[in-house]
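Counting begins at 1 with the first residue of the sequence. First listed ligand is number 1; within each ligand, the first listed atom is number 1. These numbers come from a predicted model, not from an experiment.
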Amino acid sequence: MDKLVINGGSRLFGTISVSGSKNAVLPIMAATLIEPGLYQLENVPDLKDTRTMIRLLEMIGAKVEFANNKLLIDSRKCNNPIAPYDLVKTMRASFYVLGPLLSRFKEATVSLPGGCAWGPRPVDYHLKALEEMGGKVSLDYGNIVIKGDLKGSRIKFKKISVGATGNVIMAAVKAKGTTEIQNASMEPEIANLVTFLNDLGADIVSYPESNVYIINGVKKLLSSSTCKIIPDRIEAGTYMIAVAFVGGEVTVRNVCFNHLKDVIDKIRLSGADVSILKSDKESNDSLIIKSSDQIAPVDMSTSEYPGFPTDLQAQWMALMTLCSGDACIVDNIYKDRFTHIAELKRFGAKISLNENKALVTGVDELQPAPVMSTDIRASASLVIAALKANGKSEISRIYHLDRGYENIVDKLNSIGANIKRVDD
Ligand code: UD1
């Protein structure tokens with residue numbers, strides 16, 4: 001198993017480019033199953049999770065080619081509406097095939113995802129909604145089996161769920177009648193899915209102010225299209241926070257400024273300077289981030305889009321470890337998502353946790369340490385901390401990083417980091 005050896009202490013200068021969004025491409029890949037056809041996806045990040053979804057589509061019967069961040073999916077001969085435990089246990093987002101398979105085959109068998117490193121992550125909203133649309137749900141040897149010819153329905157989620165919104169949208173595009181989803185996710189990744197489906201002839205209307213989608217079922221979608229995946233706002237935010245923390249001045253290319261407004265506001269409050277280099281309708285933005293000598297304490301609470309994403313909570317905590325005071329960090333989306341605290345403390349961070357509220361008291365410096373990754377974003381926070389700590393740190397179990405960050409070692413080294421990937 002590989003580990004990272006990081007010689008921290010160097011400031012970061014240069015240009016770094018952000019890849020396509022992991023959380024956008026995964027549901028869009030699943031959506032190619034709805035209508036037998038030929039699809040081309042561009043700006044696709046080459047990640048372990050993308051590869052897992054490719055394997056799943058192939059098991060279902062699709063032909064897939066992936067090279068140079070371009071993905072060609074031929075879903076015409078799919079005939080096996082099953083997502084087995086082996087794949088679902090390594091990537092929960094495999095659950096995204098449920099809605100598309102049900103739409104196309106009127107039945108689907110998808111292994112029930114277990115919990116994850118930071119606690120239980122239920123799928124009850126997905127199942128309740130699909131039942132309300134007429135699906136008959138049963139459990140068979142750890143697998144969810146759903147059968148039925150779906151009909152439009154009015155769905156109201158108790159809490160906003162990205163995955164359940166995506167699954168229900170995909171199940172509803174060809175269902176009979178109209179589906180209304182209330183308290184739905186308006187995350188940019190779901191908007192990317194909606195654009196893909198509408199370009200294929202779906203009839204989905206979004207009401208972002210009221211968190212509602214209206215989906216009028218259509219008989220057929222087009223059987224080919226091209227879709228460009230949006231930039232990964234979490235990867236972009238990770239690199240911006242890294243520069244604010246480690247120090248330096250870096251241009252972050254291929255960013256969507258609008259997707260990161262809340263994060264940028266908070267980074268500016270912490271003292272760093274963020275400016276937009278270029279922005280036009282056709283291409284994505286470039287941002288210049290310049291660190292300041294002192295990091296001001298900035299409280300942060302995660303919330304659904306457009307709020308501060310839970311996927312940047314661990315990285316924000318790393319930034320606050322050296323702030324000039326106390327910062328309170330609250331995770332309202334995943335109340336147990338704090339496995340990184342024990343590891344950040346190994347660098348000398350001072351953090352106390354009370355339920356879902358962490359209090360970070362800034363210290364003068366971090367010391368190098370051997371630490372262990374526990375999930376994708378926690379791993380990113382450890383990389384950020386190790387880049388700052390003067391001397392040699394080691395991060396083990398980095399397969400988590402490979403799930404969500406394309407070429408992270410090369411990208412960070414190209415702006416002055418000193419990171420080696422070695423066999424453990
Ligand atoms: C997605 C993202 C993940 C991100 C999360 C929150 C992908 C592949 N993953 O995960 O990176 O951290 O959104 O922004 O896009 N919930 C239920 N029952 C359900 C579904 C969700 O109680 O059936 C709860 C969850 O426990 C959580 C909240 O709803 O507290 C939000 O979860 P959700 O948005 O569904 O997360 P994912 O889609 O799994």
Counting heavy atoms only, name the option from [options] that's nearest to [atom].
atom                    : options                : result
atom 21 (C) of ligand 1 : Gly404, Ser185, Ser161 : Ser161
atom 34 (O) of ligand 1 : Val162, Leu26, Asp124  : Val162
atom 15 (O) of ligand 1 : Asp49, Ile234, Asn23   : Asn23

Measuring from non-hydrogen atoms of [X] to any atom of ligand 1, is the shortest distance under 4.0 Å?
X      : result
Arg121 : yes
Pro122 : yes
Met53  : no
Leu127 : no

For ligand 1, which atoms sit closer than 4.0 Å to a heavy atom of [X]?
X      : answer
Val123 : 19 (C), 23 (O)
His126 : 23 (O)
Lys159 : 28 (C), 30 (O)
Thr310 : 6 (C), 12 (O), 14 (O)
Gly163 : 35 (O), 38 (O)

Exercise for the section: Flag the pair Lys22 and Asp232 as a salt bridge only when some basic side-chain nitrogen lies within less than 4.0 angstrom of an acidic carboxylate oxygen. Expected result: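 Asp232 and Lys22: not salt-bridged.
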Exercise for the section: Salt-bridge test for Glu42 and Lys228: reply yes if a basic N is under 4.0 Å from a carboxylate O, no otherwise. Expected result: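 Salt bridge between Glu42 and Lys228, a charged N being under 4.0 Å from a carboxylate O: no.
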Output yes when a side-chain donor or acceptor of [X] lies under 3.5 Å from a complementary backbone atom of [Y], and no otherwise.
X      : Y      : value
Tyr96  : Met53  : no
Asp299 : Ala327 : no
Glu406 : Asp402 : no
Thr195 : Ala191 : yes
Ser206 : Pro208 : no
Asn354 : Lys357 : no

Exercise for the section: Carefully, step by step, assess Lys3 and Ile395 under the rule side-chain contact (heavy atoms from CB on, under 4.5 Å). Expected result: CA-CA 6 Å; Lys3 67 179 178 188; Ile395 306 181; over 6 Å; no
Output yes when the distance from some N or O of ligand 1 to some N or O of [X] is under 3.5 Å, and no in every other case.
X      : result
Ala93  : no
Tyr334 : yes
Arg92  : no

Practice task
Please state which part of Arg337 comes within less than 4.0 Å of ligand 1, counting heavy atoms only: side chain, backbone, both or neither.
Solution key: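 Under 4.0 Å from ligand 1, Arg337 contributes side-chain atoms alone.
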Handout entry: Within 6.0 angstrom of Lys220 NZ, more than 12 heavy atoms from elsewhere
Key =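 For Lys220, atom NZ is crowded (more than 12 foreign heavy atoms under 6.0 Å).
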